[in-house]
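One structure is given here, and the rest of the page talks about it.
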Amino acid sequence: MKDQIYKTALNCRHYAMCKIDYIGTGICASGPERGFVTFYPQGRMDLYKALVDGTVPVTTAAVEAADTCSLCGRCDKQCYFITELRPVSVMKALKDLVEDRLSVSGMPEPPVEDEFTLELKKITCEKFSTCDPAILVTYSHDPCPVAPTRMPKYASVPGSAKEVSEIIKLCAKHSMPYEVRGNGSSVMGFVMSDGLVIDLIRMKEIVFDERNWKVTVGPGVTSFELQKAAASRGYRVNAAEPSAMVCGNLMCSGIFSLFSASYGIGADNIVTAEFVGQDGNIFSINEQGSPNLYSYEKRDSAAPGICVSAQIRLHRKPEDETGVLIPFEDLKEAVSFARELSFRRIGSAIGVLGGEYLSVFTAPNTDIASKIKTVFTKTLKINHPVLLIGDRYDIEAVRSMRRYIIDNDLFRTIYLGLPSLAESKWSELIAEMSGEKEPYEFLSEESLKPLIEAALEPSPENISSGFPKDMRPFFEKAYSDPDFTDLVRLNEFRILSSRMGREKHVLAIIVYTPADPGIISELNSGFAQIGERNSLKHDYGFVTPLDCGKRAVFEYDYYPDHTDQDEKIKAGKALGEIAAFIGGYSAVHPEVKWIRYTLYQGLCRKEHILYVD
Amino acid sequence: MSTDRERKFLITGGTGFLGSYLFTELLKKGYEVTLICRPRNGKSAQERIENIIEWFKMNSSKLPGLKVYEGYIDKEGLGLSPSEREIIARDITEVIHCASETDFSERNRKHIETVNIGFLNNVLNYANDSKAAHFHYLSTAYSAGSAEGECAEEINIPSGFTNVYEETKNRAEKLADSFCRDKGMRLTIYRPSIVYGESGTGRSRKFNAFYYPVKALSYIKEIMLKDIKEKNGTRAAALGVSLKDNGTLVMPIRFRSIYGGSLNLIPVDFFAEAMITLIQERDREGIYHLVSGSPGNIEELICYTSKYFNIEGLSVTFGEQISDRTGLEDLFESYIRMYLPYIADKRKFLTFRADPILRGRNIICPRMSYEIFERCIDYAIKCGWGKIYDKFRLF
Ligand SMILES: Cc1cc2nc3c(=O)[nH]c(=O)nc-3n(C[C@H](O)[C@H](O)[C@H](O)COP(=O)(O)OP(=O)(O)OC[C@H]3O[C@@H](n4cnc5c(N)ncnc54)[C@H](O)[C@@H]3O)c2cc1C
Ligand code: SF4
């Protein structure tokens, strides 16, 4: 049992999904109250592990972290939904462990506060700066297989741009190294520091300026929170991972999503932004003389400063918008089709998905996901569905281009009936009866709808049967909400995508490339070979066409178990091969660009990254 | 000329349905058999063959005549090392090529051509290099092409084919014929029709062909019964399906067929016995049809299925199209479109060459009766239509 609990703690993926209210559980109450990640389930998992390992003693903050957990059970549902982990067992164990240790020592160890800590506290107030190792340890690592653990000396959660500015000036004065952190969900070892970690989570300002089609966000606003606020006013923003901070995401990757097919990337989605520069002074990128963040260079770059607010563009949402999946067996065909859609400006979001994504995103657990993957790819021959979000004119156009599509109703039937599809003989039946037809063609035959529905028995109860018994009533209610099975909402809010790291941590490799089926297919094979050679789980991720089908963003994923030393070594080796492969390939095709260089250049104009060799 | 004891066979496709019956029968008769087999699904060649031997209730440790080599017929020299090639060449006098792709789909043409023609070429070359004196090629009665009427036991030059499978098997026969003529190797071609399980026991290692629609009907029945019994039956009703008080499921489905057509099914025990008998007829060359002299028809199969599953409403209509197809009829339509030339076959396979030998030894193909059907479907259901691998160790 203890081993199992430790394993759960060890397995936390740091995707920060417990820090947003994405399935209607509410979030851990102590998190927003205290700010530090230590007071969210994710931090408590790390703290428990550190206490067991003896990396940190039971300190004042450790006791607070244990005490402020009310064992409400929210994080169990949140975390299970994504990773199949049940953190509450860890929370209980943390409480027991702290109590046990205190019963021996009597008192928690208070942190030894130096001058720098006191000065930080003066800026942020007592509560929001610390040198308590129980807190620091929760900022010391992430699952990146090649990033070493780095224990910071201090952590702060400032509440305003002014505080950030003062902190930076303080760091400059003391030559204190620092790293700034959004939600830490880049998971590439970017947010660790030997000095100070500045966690921006408290800066949650959202101010709409509808007259100018923009919204101003603070650096602690997550994609999910912004999308929710925008949706409540009938707008949409281009946002990606729900737990990623919008400003952090902009800085880090320039925000690519399936909606980038129409809304673009990088500078396309911002009006302007404010920064605290390395000298601690605030500048706006719209000022003459400010650093030119619209440019792009193929090199590792330093942070131009800390983005303390960004004005994000608002997009209108058509009322008749819906989502469809267009099945393809062959990647090249699917990419050509997606490119054609983009070229003709059909749809607002376009993505060529893979069997892994489709099954892992929709299935309630790993077992069903693996069965469903076989059903989708081997039986139904849906290897590469193209996902399109569009209004009724877009959908009419798609229907005139391809006869067989999975509309949202059929998607809902399949989704809510997944456990039956995984077990059912239905898919086998249609595969064997398909003759010269592709098996998936049967899915969209109107006349077969009653048979499909009878076979799959789609219902909130059916899909919820894939969750542990005690959670089923909650999920039955959740899945009864049509938004939960609505392709538009699912793509706007992306509550499913971090499930790709459910079985093992995901290491995503992203390149910009011509939207050329041949090139994408070659890249795909090259990446696959690297996965094979290194015996790492790997799979195609997605392709989204950009800029009217001229370019595309392509993700390929590797899945190293970050808790296994061997797998980490393999992943490190694979990363070396990936770098060599992309380097070699882009020497021949300079239009192919690895996204690694966008770190801190994410605000660049897409023209600079896509079209300048 | 080799004596019976000296006859040693190299067999490809030993893990397949027909190949497995063949090699186990040859072993039972005391012949030496060398199998070329690739590893698959994490199982070595040896393990795969052992699984099959176990399925046939034989003991692999008591089969001194069996040799298994990991090999790949998609490669020249069958992917064997030079030393293996040398040993095998010493060990064999004849080659039996059973490996084949039975997919019909035009969309898979390239693959089907590669397997049925390209791989045969590799095996022929290998046989020649190994100084094998006799090449046995397992073909199909349907290599005769799509024309109605009599099909002789000779290399056919038909005007057309029903599908790419038939076409490639015909091309393969021609390739084998000219190659063997050229190299002075004896050639025998065996042409079975559609093979199903054992007539006496119902056992089978494959559940395709006629099993598919039967299995489909049994699945649909299960789904409909569940809808009627556990839900409110609205989906069943939308498909015109209802349950009678006596437990009979009324499931109106019209199967399209062509008047006067027949369905030539042969049980695998007949196939194996017939082919082994012909192989044992040493030095016999030529082409042999292994078919049913009194083929059945779809009407009979539908009667058997209705009776077996207690279903009413299944019927056959003759013609090009069914008007106002229901959802369930839509489901069967593409299957029927693809298999109609076999379900309602107007070809008649002559057996002037095979018959005298087989009948002389009282080897006669039984007509598919309800009893045989029942045994076969009982067995298919018992092993989950081939899914319960663990228990029955199919592969
Ligand atoms: C499962 C999964 C799927 C993902 N899919 C996508 C995707 O489809 N599209 C996409 O664009 N990204 C995707 N990402 C990447 C991830 O969302 C981004 O890397 C994002 O930046 C993480 O946001 P964060 O707030 O957690 O950033 P952090 O991880 O906290 O920070 C990322 C980097 O940005 C810096 N940074 C953070 N905030 C600021 C700021 N205010 N000013 C200056 N620098 C800052 C940090 O120092 C760090 O270097 C995915 C990640 C995961 C785990
Ligand atoms: S159980 Fe504890 S850690 Fe989890 S959400 Fe509730 S209070 Fe937070």
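First the proteins, then the strands, lettered A, B, ... as listed; each starts at 1. The shown structure was predicted, so the numbers you read here are calculated from the model rather than taken from an experiment.
The greatest number of non-hydrogen atom pairs below 4.5 Å with chain A, out of E333(B), R325(B), E106(B), is found for E106(B). Residue with the most contacts toward chain A among N208(B), N108(B), I223(B): I223(B) (heavy-atom pairs, distance under 4.5 Å). Residue with the most contacts toward chain A among L239(B), T234(B), I336(B), D227(B): L239(B) (heavy-atom pairs, distance under 4.5 Å). The choice from S434(A), A455(A), P450(A) that makes the most heavy-atom pairs within less than 4.5 Å of chain B is P450(A). Contact tally against chain A (heavy-atom pairs below 4.5 Å) for M224(B), K231(B), R337(B), E230(B): the top residue is K231(B).
Contact annotation for E438(A): both backbone and side-chain heavy atoms come within less than 4.5 Å of a heavy atom of chain B. Heavy-atom distances place no part of Y339(B) under 4.5 Å from chain A, backbone and side chain included. Neither the backbone nor the side chain of E329(B) comes within contact range of chain A; no heavy atom of the residue lies under 4.5 Å from a heavy atom of that chain. Y212(B) touches chain A through backbone and side chain together, each having a heavy atom under 4.5 Å away. For a residue to count as touching a neighbouring chain, one of its non-hydrogen atoms must lie under 4.5 Å from one of that chain's; by this rule R107(B) touches chain A with backbone and side chain alike.
For R402(A) and F328(A), the positive end sits near the middle of the six-membered ring, less than 6.0 Å away and at most 45° from its axis.
No side-chain N or O of Y165(B) forms a donor-acceptor pair with one of N116(B) less than 3.5 Å apart. For N310(B) and T248(B), the side-chain atoms include at least one donor-acceptor pair closer than 3.5 Å. Neither side chain, Y142(B) nor N264(B), offers a donor N or O lying under 3.5 Å from an acceptor on the other.
The residues D566(A) and K570(A) are annotated as not salt-bridged, no charged nitrogen and carboxylate oxygen being separated by less than 4.0 angstrom.
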| said: salt bridge (charged side-chain N to carboxylate O under 4.0 Å, His left out) for R171(B) and E167(B)? Distances and angles first, verdict last. | reply: CA-CA 6 Å; R171(B) 282 164 59 193; E167(B) 180 200 314; 2.9 Å; yes
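Taking the six-membered ring for Trp and thresholds of 30 and 60 degrees, F484(A) and Y479(A) have ring planes more than 60 degrees apart, a perpendicular arrangement.
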